[in-house]
Chemist: 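Here it is, the structure in full.
Just so you know, ligand 1 is whichever comes first in the structure, and atom 1 is the first atom listed for that ligand.
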Amino acid sequence: MTNKLVLITGGAGFIGSHTADLLKEKGYRVRIMDNLARQVHGGKWPRYVQEKGFELQRGDVTKKKDWEEALQGVSYVFHLAAYQDQRPDFGEFFRVNTVGTALLYETAVAEKIKLKRVVLASSQFAYGDGAYRCKHQKEVFYPELRSEADLKKKRFDITCPHGGVAHFASFREDQQLTPINSYGLSKESLERLGMRLGKTYGVPTVALRYSIVQGARQSPRNLYSGALRIFTLQALRNEPITVYEDGNQLRDFVNVKDVAQANLLALTKKDSVFGIFNVGGGKGYCVSDFAQIVKNITGSSSRIVIGGYRRTDSRHAVSDIGKMKRLGWIPSATPEDSVREYVAWLRNEVAYRSLFLR
Ligand SMILES: NC(=O)c1ccc[n+]([C@@H]2O[C@H](COP(=O)([O-])OP(=O)(O)OC[C@H]3O[C@@H](n4cnc5c(N)ncnc54)[C@H](O)[C@@H]3O)[C@@H](O)[C@H]2O)c1
């Protein structure tokens, strides 16, 4: 019998738990290693991974002995555990995301564990502000982080080096990476490390750069979980929905069930090995339009208020998903579907009611 034991690090989380459900449905056995991070789970296994026949190991990807236990008998790994926050503890991103990944390969090599596939969770944040075009030059250019002075003056759009209009180009896997925060940098180094060690030691590795993933089970405790969480909580409390900059910044959104399908393809397709793929929604939405979607679906009386900024936000972030589609992936859910799923789930979670019931 083939060994179909899959380890999912961070499997108690949002993407990991949906991936675990899909793998179970496809006949895989699932082991989850998760440290039940306080800012995501408050130290407890969430209900949705319990009593499903998953092996649950409380463990930490920064500890080699936890990897040694987790990797025993495993053929496939989804490495999804990550530190994702907005705090300026720069070292923590590398300690968890990059060193944690190195320990995966270090343990597999030391213990002579023959892994058939490792799928690494990377992020659209690896692109930073990405590439722009202008009429003055043929080649794209990669802008520097916008200055505080420009943002204060509400000059949000990126201009070309000649002072003219610059046009954002959707992120492509083969472009230069110019991450603008420690999280993005840690994901870039995680990818490079995984690909290098994977090729050297014969560990077939794939990296997926997820865009903004949405749907049920995204912990509202998780400060990193972004616009959907913030807009939804504001809308359910009928407080103003606060949109940064001028609201015209573009983002692409992908549903977590579509992401689980992309994960499965990365695990099973031969053509994916040593590939890097964008996994996104394929279409850019203005953030203010997205706020309106949340307002409509929640039936909120909130006003949408535009203003403020965060220094390390990208102006636009939209991924080209052609490469993943050529692997056979077809995302099917819309952002409206994802918002509906998230809001319905949140309303049913007794533990989170105090966040929006007044
Ligand atoms: N959700 C998104 O929009 C998005 C976008 C891009 C990339 N990603 C990446 O996808 C992966 C999964 O993200 P998610 O949205 O499911 O996040 P999540 O926070 O819901 O899940 C992450 C899980 O990792 C666990 N974890 C954290 N630190 C750990 C450690 N040191 N050891 C073991 N477990 C640890 C947490 O307890 C949590 O269960 C992450 O690598 C993230 O960077 C997510």
Chemist: Is a salt bridge present between D129 and R315, judged by a nitrogen-to-oxygen distance below 4.0 Å?
Modeler: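 A salt bridge is absent here (no side-chain N lies under 4.0 Å from a carboxylate O).
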Chemist: Which is closest to atom 6 (C) of ligand 1 in terms of heavy atoms, F125, W67, F78, Y210?
Modeler: Y210
Chemist: Give every residue pair that meets the salt bridge (charged side-chain N to carboxylate O under 4.0 Å, His left out) criterion with at least one member in residues 209-218, sequence neighbours excluded.
Modeler: D21-R217, E191-R209
Chemist: Relative to each other, are the rings of Y127 and F171 parallel, tilted or perpendicular (30° and 60° limits)?
Modeler: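 Rings of Y127 and F171: parallel, under 30°.
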Chemist: Heavy atoms only: which of V213, I32, N263 lies closest to atom 3 (O) of ligand 1?
Modeler: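 Result: the heavy atom closest to atom 3 (O) of ligand 1 is in V213.
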Chemist: Answer with side chain, backbone, both or neither: which part of L36 has a heavy atom less than 4.0 angstrom from an atom of ligand 1?
Modeler: backbone
Chemist: Could you check which of G10, A121, G43, S122 puts a non-hydrogen atom nearest to atom 7 (C) of ligand 1?
Modeler: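 Residue with the shortest heavy-atom distance to the ligand atom: S122.
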Chemist: Does ligand 1 have any atom that is closer than 4.0 Å to a heavy atom of Y183?
Modeler: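 Yes, Y183 has heavy atoms under 4.0 Å from ligand 1.
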Chemist: Would you please indicate yes or no on a ring centroid separation below 6.0 angstrom for Y201 and Y105?
Modeler: no
Chemist: Distance only, no hydrogens: is a donor on one side chain within 3.5 Å (strictly under) of an acceptor on the other, for S211 and Q124?
Modeler: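 Yes, because at least one side-chain N or O of S211 sits under 3.5 Å from a partner of the opposite role on Q124.
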Chemist: Anything under 30° is parallel, anything over 60° is perpendicular, the rest tilted; go ahead and classify H162 against H136.
Modeler: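 Ring orientation, 0 to 90° scale: tilted.
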Chemist: If you measure from each heavy atom of S211 to ligand 1, is any distance below 4.0 Å?
Modeler: yes
Chemist: Give a yes/no verdict on whether any heavy atom in Q124 is under 4.0 Å from an atom of ligand 1.
Modeler: no
Chemist: Which of the numbered atoms in ligand 1 are below 4.0 angstrom from a heavy atom of S123?
Modeler: 6 (C), 7 (C)
Chemist: Can you tell me if CD on Q72 sees more than 12 non-hydrogen neighbours from other groups inside 6.0 Å?
Modeler: yes
Chemist: By number and element, which atoms of ligand 1 are closer than 4.0 Å to a non-hydrogen atom of L80?
Modeler: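 Listed by number with element, the hits are 11 (C), 12 (C), 40 (C), 41 (O).
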Chemist: Between Y83 and F93, does a ring-ring contact (aromatic ring centres under 6.0 Å, His included) hold up when you go through it step by step?
Modeler: CA-CA 6 Å; Y83 183 65; F93 293 93; 4.9 Å; yes
Chemist: Kindly write out the residues that satisfy ring-ring contact (aromatic ring centres under 6.0 Å, His included) with Y210, not counting sequence neighbours, or none if the list is empty.
Modeler: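 With neighbours one apart ignored, the set is empty.
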Chemist: Give a yes/no verdict on whether any heavy atom in G11 is under 4.0 Å from an atom of ligand 1.
Modeler: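 Contact absent.
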Chemist: Please work out whether any backbone atom (N, CA, C, O) or any side-chain heavy atom from C-beta onward of V96 is under 4.0 Å from ligand 1, and answer side chain, backbone, both or neither.
Modeler: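 Only the side chain of V96 comes within reach of ligand 1.
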Chemist: Do any nitrogen or oxygen atoms of Q84 come within less than 3.5 Å of a nitrogen or oxygen of ligand 1?
Modeler: yes
Chemist: Quick one: are R251 and Y285 in side-chain contact, heavy atoms under 4.5 Å?
Modeler: no
Chemist: Does even one non-hydrogen atom of G100 get within less than 4.0 Å of ligand 1?
Modeler: no
Chemist: May I ask which of N35, I15, T9 has a heavy atom nearer to atom 30 (C) of ligand 1 than the others do?
Modeler: N35
Chemist: Consider every N or O of M33 and every N or O of ligand 1, then say whether any pair is closer than 3.5 Å.
Modeler: no
Chemist: Over 60° means perpendicular and under 30° means parallel, so classify the ring planes of F290 and F231, tilted if in between.
Modeler: tilted
Chemist: Minimum distance, heavy atoms only, to atom 27 (C) of ligand 1: which one of A82, S17, G42 is it?
Modeler: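 Checking each option, the heavy atom nearest atom 27 (C) of ligand 1 is found in A82.
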Chemist: Does A12 come within less than 4.0 Å of ligand 1, judged by its heavy atoms?
Modeler: yes
Chemist: I need the contact type for H41 against ligand 1. Using non-hydrogen atoms and a strict under-4.0 Å cut-off, is it side chain, backbone, both or neither?
Modeler: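 Within the 4.0 Å criterion, H41 contacts ligand 1 through side-chain atoms alone.
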Chemist: Any luck finding a side-chain donor-acceptor pair between T298 and S300 under 3.5 Å?
Modeler: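 Result is no, nothing qualifies.
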Chemist: Would you check, one step at a time, whether the test salt bridge (Lys or Arg N to Asp or Glu O under 4.0 Å) holds for R95 with E92?
Modeler: CA-CA 5 Å; R95 196 179 75 84; E92 193 62 6; 3.0 Å; yes
Chemist: Kindly confirm or rule out an N or O of A81 lying under 3.5 angstrom from an N or O of ligand 1.
Modeler: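 No, since none of the N or O atoms of A81 sits under 3.5 Å from an N or O of ligand 1.
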Chemist: Under 4.0 Å, heavy atoms only, figure out whether ligand 1 is touched by the backbone of I212, its side chain, both or neither.
Modeler: backbone
Chemist: Does L71 reach the side chain of L104, with side-chain heavy atoms less than 4.5 Å apart?
Modeler: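 L71 reaches L104 side chain to side chain.
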Chemist: Would you mind listing which atoms of ligand 1 come within a distance below 4.0 Å of any non-hydrogen atom of G59?
Modeler: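 Listed by number with element, the hits are 32 (N), 33 (C).
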Chemist: Can you check whether D34 has an N/O within less than 3.5 Å of an N/O in ligand 1?
Modeler: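 By distance alone, the answer is yes.
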Chemist: Under 3.5 Å between some N or O of ligand 1 and some N or O of F14?
Modeler: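 Such a contact does occur with ligand 1.
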